2 protein chains.
Amino acid sequence: MVVFNRRMSNADRHGLIAKVVRDAGGATVQELAELTGASEMTIRRDLDTLAAQGVLERVRGGARTLLLRGEEPPFALRAHEAVEAKRRIAAEICALVTDGESVLLDSGTTCLEVARLLRERPVTLMPLSLQAIHLVAETPGPATLVVPGGQPRASEGALAGPLTLASLAALRFDTAVIGCCGLTAADGLTAYDLDDAAVKKAGIASARRVVAAADGSKLGHTAYAWVGPAALVQTLVTDTDAAAEEVTALEAGGTVVRTV
Amino acid sequence: MVVFNRRMSNADRHGLIAKVVRDAGGATVQELAELTGASEMTIRRDLDTLAAQGVLERVRGGARTLLLRGEEPPFALRAHEAVEAKRRIAAEICALVTDGESVLLDSGTTCLEVARLLRERPVTLMPLSLQAIHLVAETPGPATLVVPGGQPRASEGALAGPLTLASLAALRFDTAVIGCCGLTAADGLTAYDLDDAAVKKAGIASARRVVAAADGSKLGHTAYAWVGPAALVQTLVTDTDAAAEEVTALEAGGTVVRTV
DNA sequence: CGTAACGAACATTTTTCATGTTTGAAAGTC
DNA sequence: GACTTTCAAACATGAAAAATGTTCGTTACG
C-alpha cells in the first residue's frame, strides 16, 4: 500500500479510512495511522467523527465495519463513493426536466445531487429527504419547495410513513425522480426498506413520468422490498458501469435507457 | 453614542447596525462606519449581507428599515432581539412538557429555542418550521421527529398550506406550543398571516393542551389575522415586560400565566 | 460634467480549524 | 495486583479560511 508523503486532506483521509474499514471489515488505530501518515490521535478523532456519522463502529483499539449483514450501506458511507458518476447521472436527469414542471424527488445520494442542480431551475420541487429539503430551503432560488409530511428514517432523513403517503396521494407530479436500491428486468424495482418501498410506489403512482436513477452497481441487483415491475420506469439514467445485458433486457421491456 | 475601542465581533456589529437602522429608520454608510469603527467598505458588505437576509433595505449611500408598515418584522431581524427572554420562556415551556408527550411546535424564534431544548428529551416532536426541523434532524437525540407537509413561507421556513392542515388533521398532540404574534384578552390570539393563522388554528384544534409563548412585546398587541379567543390558551408563558393589566385580564379569562 | 458611492481586486490581519504532543486516567491483560 | 495499551483532555503549532482594509476604475445621481 502506498504511503502518502503529502498531508492528505481531511475528507480524503476520512474516505480512505471508511474504505479500508469497509473492505477489511475493520482496522486498528495503528494501521490507519501508518497508512494515512497521520498521528494516532488524529485517527482516533477521525474514528469518533465517522462513528458519529454512522459510517463505522468504534471498538477499543480501532474500528469495525457496520455492514456485515445485507443491509443498506449507511448514507454517510455511500456519500463518499462514486461522486462523479452520481453527478453525471444527476446532470442528465436535470436535462430531462423542463422548466415549470412539478418534480418529485426521491431520497438517496444521487437524488441529492439532482436537488442541488434543480434548485437553480424554475420548477416545483418535492424532495423526499430532509437533506434535500434543507439543501433547497437554505438557498433561495427560483425553485418552489413543497415539503411532504412524514417521519425521517435513518441518517439520510428519508421521509416515510402515513403522512408521506397522504402527501403523495394529494398531489400529482409531472416527473418523479426515483433512486433505485435495485433494478432488474426480471425482479423490477426494489428498495432496502418496506416503508421506503411504499413511498416509492406511491410516488410513482402520483407521477405522469417516472425517471429512475441507478448507478451501475444497482443495475442487476435486487434488494428485498419490491416496489413494482421495471416497466413502471419510463426512463432510466445510469452510468457506463451498467451491465450491458441488463440494459438490453430493460430496453426490451420498454424502458428508455440513457447511459452517461 | 459610545465609540468602541476594541474591534467588535462580526455578529455584534451586524446586530448594532440592525438596531440603529431599525430605531432611526435608516442610516448612511458613513454614520455606521464611524459608529462601529469599521471601514466603509466593511459596512457596505455588512449592509449587503443584512439586505440579503431581509433585515433591512439597501439604498444608495446607506440603508433603510423595512418595517415602516404594520408587517411582521423579518425573521432575521427578530433573531437578534431579546434572545435572553426567549431562552427563559423556552426553558419554562420545556419544564411544562412531560417526557413521552407528543408536542406540536409552532414557527417563530421563541419556538426555535424550545426545539433546541426539547430535542434532548424523549418526546415526539412536530415542528412547523423548516429551521426547527433542521435543528432537530441534524442532532440525533432521544426525540422522535415527525415532519408535517406544507409549503415554507418567507425566510424562517414556516410551513403552511393544505398539506400542513391535512397533516395536523391526521394527528393529535398532547401539547401544542404556539408562538404568538399578538395576544390580548379582548381580541384573542392573532397572527401576521392568514395562512399562518389557519395553521395555528388547526394546531390548536389537534392538541389536548395549548401553551402559548409570547414575550412582553406581543402581549396587548393585536396582529391582523385572527386565530381564536384567548380562552383557547390554557397556559401562557411570558416575560417580565408583560403589561400587568393584560396579564390580569387574561387570567380572568381562565388562562394560567407564568412569568419568567 | 463633477462628485459621491460603489464594487472588484488585492493585501493584510484575524480567526478558526486540523493536527501533533504531552500527560494522566481508564481499560484490558497477564 | 502489576504491566501494557488505549484513550481523551489540555495545550501548542501550523495551515487554511474568513474578515477587514486599501486602492482604483466604474457607475449612478445631481
Side-chain angles (χ1 to χ4, degrees), chain A residues 1-21 24-66 76 79-80 138-140, chain B residues 1-21 24-66 76 79-80 138-140:
Chain A
M1 177 58 84
V2 184
V3 172
F4 298 84
N5 312 345
R6 303 266 160 216
R7 178 174 290 129
M8 34 189 338
S9 87
N10 180 321
D12 287 346
R13 198 180 55 245
H14 282 198
L16 179 59
I17 291 174
K19 178 170 160 47
V20 168
V21 170
T28 68
V29 171
Q30 279 184 10
E31 287 167 5
L32 292 170
E34 190 176 348
L35 176 68
T36 60
S39 72
E40 298 192 0
M41 193 64 233
T42 298
I43 296 297
R44 286 198 189 94
R45 282 188 276 239
D46 288 343
L47 293 182
D48 290 346
T49 303
L50 292 168
Q53 289 175 1
V55 176
L56 44 76
E57 182 186 12
R58 191 70 217 282
V59 293
R60 189 175 180 84
R64 272 206 329 234
T65 180
L66 277 171
H80 290 297
E138 76 177 349
T139 316
Chain B
M1 176 57 84
V2 184
V3 174
F4 297 84
N5 312 345
R6 304 264 160 218
R7 178 173 290 129
M8 37 192 332
S9 87
N10 181 318
D12 285 348
R13 199 180 55 246
H14 282 198
L16 179 59
I17 291 174
K19 177 170 161 46
V20 167
V21 171
T28 68
V29 170
Q30 280 183 9
E31 287 167 5
L32 293 170
E34 191 177 347
L35 176 68
T36 60
S39 72
E40 297 192 2
M41 191 65 231
T42 299
I43 296 297
R44 286 198 190 91
R45 281 188 276 238
D46 287 345
L47 293 183
D48 289 347
T49 303
L50 292 169
Q53 290 176 0
V55 176
L56 45 75
E57 182 186 10
R58 191 70 218 282
V59 293
R60 191 176 178 80
R64 273 206 329 233
T65 180
L66 277 170
H80 289 297
E138 77 177 349
T139 317

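Atom set for the values below is all heavy atoms of this structure, side chains included, hydrogens, waters and symmetry mates excluded. Since this is a predicted model, take the numbers as computed values, not measurements.
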Can you list the residues that meet the salt bridge (charged side-chain N to carboxylate O under 4.0 Å, His left out) rule with A/Glu57, with sequence neighbours excluded?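 Salt bridge (charged side-chain N to carboxylate O under 4.0 Å, His left out) check on A/Glu57 returns A/Arg64.
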Rounded distance (Å) that lies between atom [atom2] of [N] and atom [atom1] of [X]:
{"X": "A/Ile43", "N": "C/dA18", "atom1": "CD1", "atom2": "P", "answer": "15 Å"}
{"X": "A/His14", "N": "C/dT19", "atom1": "NE2", "atom2": "C1'", "answer": "11 Å"}
{"X": "A/Ile17", "N": "C/dA18", "atom1": "CD1", "atom2": "P", "answer": "14 Å"}
{"X": "A/Leu32", "N": "C/dT19", "atom1": "CG", "atom2": "P", "answer": "14 Å"}
{"X": "A/Leu47", "N": "D/dT6", "atom1": "CG", "atom2": "P", "answer": "13 Å"}

Counting only side-chain heavy atoms from C-beta out, which of D/dT20, C/dG20, C/dT19 sits nearest to A/Ser39?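 The answer is C/dG20.
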Report yes if at least one side-chain N or O of B/Arg13 is closer than 4.0 Å to OP1 or OP2 of D/dT20; otherwise report no.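 It does, given that an N or O in the side chain of B/Arg13 lies less than 4.0 Å from OP1 or OP2 of D/dT20.
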Looking at every non-hydrogen atom in both residues, tell me the closest pair between [X] and [Y] and how far apart they are.
{"X": "A/Leu56", "Y": "A/Ala63", "value": "CD1-CB, 4.0 Å"}
{"X": "A/Ile43", "Y": "A/Arg13", "value": "CD1-CD, 4.5 Å"}
{"X": "A/Leu50", "Y": "A/His14", "value": "CD1-O, 4.0 Å"}

With heavy-atom distances below 4.5 Å as the criterion, would you say the side chains of B/Thr36 and B/Asp46 are in contact?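 Not touching, per the 4.5 Å side-chain cut-off.
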Can you find a heavy atom in the side chain of B/Glu31 that is under 4.5 Å from one in the side chain of B/Val20?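 Answer no - side chains too far apart.
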N/O to N/O distances under 3.5 Å, protein versus nucleotides 5-11 of chain C:
residue	atom	partner	partner atom	Å
C/dA5	O4'	B/Arg60	NH2	3.4
C/dA5	O3'	B/Gly61	N	3.2
C/dC6	OP1	B/Arg58	NH2	2.9
C/dC6	OP1	B/Gly61	N	2.4
C/dC6	OP2	B/Arg44	NE	3.0
C/dC6	OP2	B/Arg58	NH2	3.4

